[in-house]
Amino acid sequence: MYLPTITGFADRAAAEAASIRRSPIGFFVDAMLAGAYIGIAMILALSTADALPAGVRPLVMGGTFGLGLILTVFAGGELFTGYVMYLGFGLMRRTVSLADAALLIVVVWIGNLAGALALSAIFIAGGGGQVFANAATMFNAYAAHKVEADAVALLARAILCNWLVCLAIWTAARVTGDAAKCIVMAWVLLAFVAAGFEHSVANMTALTLGLFAPGETISLLGVVHNLALVTLGNIVGGLVFVVGAYGAAAKTDADPVRG
């Protein structure tokens, strides 16, 4: 029941390990694209929620943020949070080595950050749109909330976030038809955004904008604090609650290939 999906992700991990060896620069650009796509979705979510009542904002942000994963999956891109799952299954099924997994996850994270920074720089140069125009009404408090949260809260929210993000990718792989995949991914991502969970790649854009927003007082140290803890939590969430859980559940399956 579960092994075909697990094997598909493990084989993807092996394919990505081969890709980075063939063209490290091309692979890095692919990771930059995913960082930018998630950043575009973050800017869209913040812009559409800006003028809305506080009680409605989370639902609207969640409803629009799915664009980021849809672009990453269908246009193409290498996303850190999804790679936690791919590489976890790759290590489980021994399609990649620990060295391959370490290289891929580091390069993808840095590439996502580079893409988010590039997008943020262009957006800031353009004036910051609705995000900066009314920063005092919502965005400044949004950014401050992320950097002021304590370590336990950030870790917990990040674990829950990547549990859902990996489930969005996992579930999309188990349905047929592009429309069904889009609906599944957007619906699951609505849950994590509306619930206020922490996504490391989305935060790369949101907190970079927060450093330059009018009237904002967050610090670079606060940004580093958030990204470090959220990255760790995202890794734990994907590995424990998706890779670990479905790896255990898959033991009920017959495996004619690997026993």
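Everything quoted here is computed from the prediction, not taken from an experiment.
Counting only distance, with no hydrogens or angles, the side chain of Asn112 and the backbone of Glu78 share a donor-acceptor pair below 3.5 Å. Remark: the backbone N or O of Met85 is not paired with any side-chain donor or acceptor of Asn162 at under 3.5 angstrom. Judged by distance alone, with hydrogens and angles left aside, the side-chain atoms of Asp253 form a donor-acceptor pair with the main-chain N or O of Leu3 at under 3.5 Å. At distances below 3.5 Å, at least one donor-acceptor pair connects side-chain atoms of Thr252 with backbone N or O atoms of Ala249.
When the side chains of ILVMFWY residues are joined at heavy-atom separations under 4.5 Å, either directly or via intervening members, Leu59 and Leu69 end up in two distinct hydrophobic clusters. Transitive grouping of hydrophobic side chains (ILVMFWY, heavy atoms separated by less than 4.5 Å) brings Val193 and Ile40 into a common cluster. A continuous path of ILVMFWY side-chain contacts below 4.5 Å connects Ile38 to Leu44, so both sit in one hydrophobic cluster. Val147 and Leu211 end up in the same hydrophobic cluster when Ile, Leu, Val, Met, Phe, Trp and Tyr side chains are linked at under 4.5 Å. No chain of hydrophobic side-chain contacts below 4.5 Å, direct or via other Ile, Leu, Val, Met, Phe, Trp or Tyr residues, connects Ile235 to Val96.
Hydrophobic clustering, defined by side-chain heavy atoms of Ile, Leu, Val, Met, Phe, Trp and Tyr closer than 4.5 Å, leaves Val152 isolated from every other such residue. Side-chain heavy-atom separations under 4.5 angstrom define the hydrophobic clusters, and Ile122 shares its cluster with no other residue. Leu221 belongs to no hydrophobic cluster, as no Ile, Leu, Val, Met, Phe, Trp or Tyr side chain comes under 4.5 Å of its own.
Sequence neighbours left out, the pairs with a member in residues 164-190 that pass side-chain hydrogen bond (donor to acceptor under 3.5 Å, both in side chains) are Thr5-Arg174. Within the structure, ring pair (Phe, Tyr, Trp, His ring centres under 6.0 Å) contacts touching residues 2-52 (residues at least two apart or in different chains) are Tyr2-Tyr246, Phe9-Tyr86. The ring pair (Phe, Tyr, Trp, His ring centres under 6.0 Å) contacts involving residues 44-69 comprise Phe65-Phe192, where partners must be two or more places apart or lie in separate chains.
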message = Let's go through Tyr83 and Trp109 carefully: what are the C-alpha distance in whole Å and the side-chain angles of both, what is the deciding distance for side chain to side chain contact (heavy atoms under 4.5 Å, CB included) to 0.1 Å, and is it a yes or a no?
response = CA-CA 9 Å; Tyr83 260 68; Trp109 192 94; over 6 Å; no
CA sep, side-chain torsions, deciding dist, call: Val165, Phe197, side chain to side chain contact (heavy atoms under 4.5 Å, CB included) = CA-CA 11 Å; Val165 172; Phe197 300 154; over 6 Å; no
query = For Ile124 and Phe132, what are the C-alpha separation, side-chain angles and deciding distance, and is it a side chain to side chain contact (heavy atoms under 4.5 Å, CB included)?
reply = CA-CA 9 Å; Ile124 291 166; Phe132 282 11; 4.0 Å; yes
inquiry  = With side chain to side chain contact (heavy atoms under 4.5 Å, CB included) as the criterion, how do Leu117 and Met204 come out once you've worked through the C-alpha distance, each side chain's angles and the decisive distance to 0.1 Å?
reply    = CA-CA 7 Å; Leu117 291 175; Met204 290 172 183; over 6 Å; no
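Taking the side chain as every heavy atom from C-beta outward, Leu164 and Leu160 never approach each other to under 4.5 Å. Annotation: side chain of Cys182 is in contact with side chain of Phe74 (closest heavy-atom distance under 4.5 Å). A 4.5 Å side-chain heavy-atom check between Asn234 and Val84 finds every atom pair outside the cut-off. Using a 4.5 Å heavy-atom threshold, the side chains of Phe139 and Asn134 count as separate. Residues Thr208 and Val223 have side chains not in contact (no heavy-atom distance under 4.5 Å, counting atoms from C-beta outward).
Of all heavy-atom pairs spanning His199 and Val230, the tightest one is C-CG1, 3.8 Å. Smallest separation of non-hydrogen atoms from Thr205 and Gly35: OG1-O, 4.3 Å. The two atoms that bring Val108 and Leu79 nearest to each other are CG1-C, 3.7 Å, heavy atoms only. For the residue pair Ala13 and Leu87, the shortest heavy atom distance occurs at CB-CD2, 4.0 Å. The nearest pair of heavy atoms linking Ala45 to Met61 is O-CG, 3.5 Å. Considering every non-hydrogen atom in both Leu189 and Ala168, the closest pair reads CD2-CB, 4.3 Å.
Under the salt bridge (Lys or Arg N to Asp or Glu O under 4.0 Å) criterion, Arg157 pairs with Glu198, not counting sequence neighbours. Listed by chain and number, the residues in a side chain to side chain contact (heavy atoms under 4.5 Å, CB included) with Leu229 are Ala151, Leu154, Leu155, His225 (sequence neighbours excluded). Met138 meets the side chain to side chain contact (heavy atoms under 4.5 Å, CB included) test with Leu46, Ala49, Asp50, Arg57, Tyr142; sequence neighbours excluded. Judged as a salt bridge (Lys or Arg N to Asp or Glu O under 4.0 Å), and not counting sequence neighbours, the contacts of Asp100 are Arg21. Every side chain to side chain contact (heavy atoms under 4.5 Å, CB included) that Ala194 has, sequence neighbours left out, goes to Pro58, Leu190. Under the side chain to side chain contact (heavy atoms under 4.5 Å, CB included) criterion, Ser47 pairs with Ile43, Gln130, Val131, not counting sequence neighbours.
Here CD1 of Ile20 is found 5.0 Å from CG of Leu104. Values are rounded to the nearest 0.5 Å. We find the CG-CH2 distance between Leu239 and Trp163 to be 14.0 Å, quoted to the nearest 0.5 Å. Taken from CE in Met42 to CG in Leu119, the straight-line distance is 11.5 Å, to the nearest 0.5 Å.
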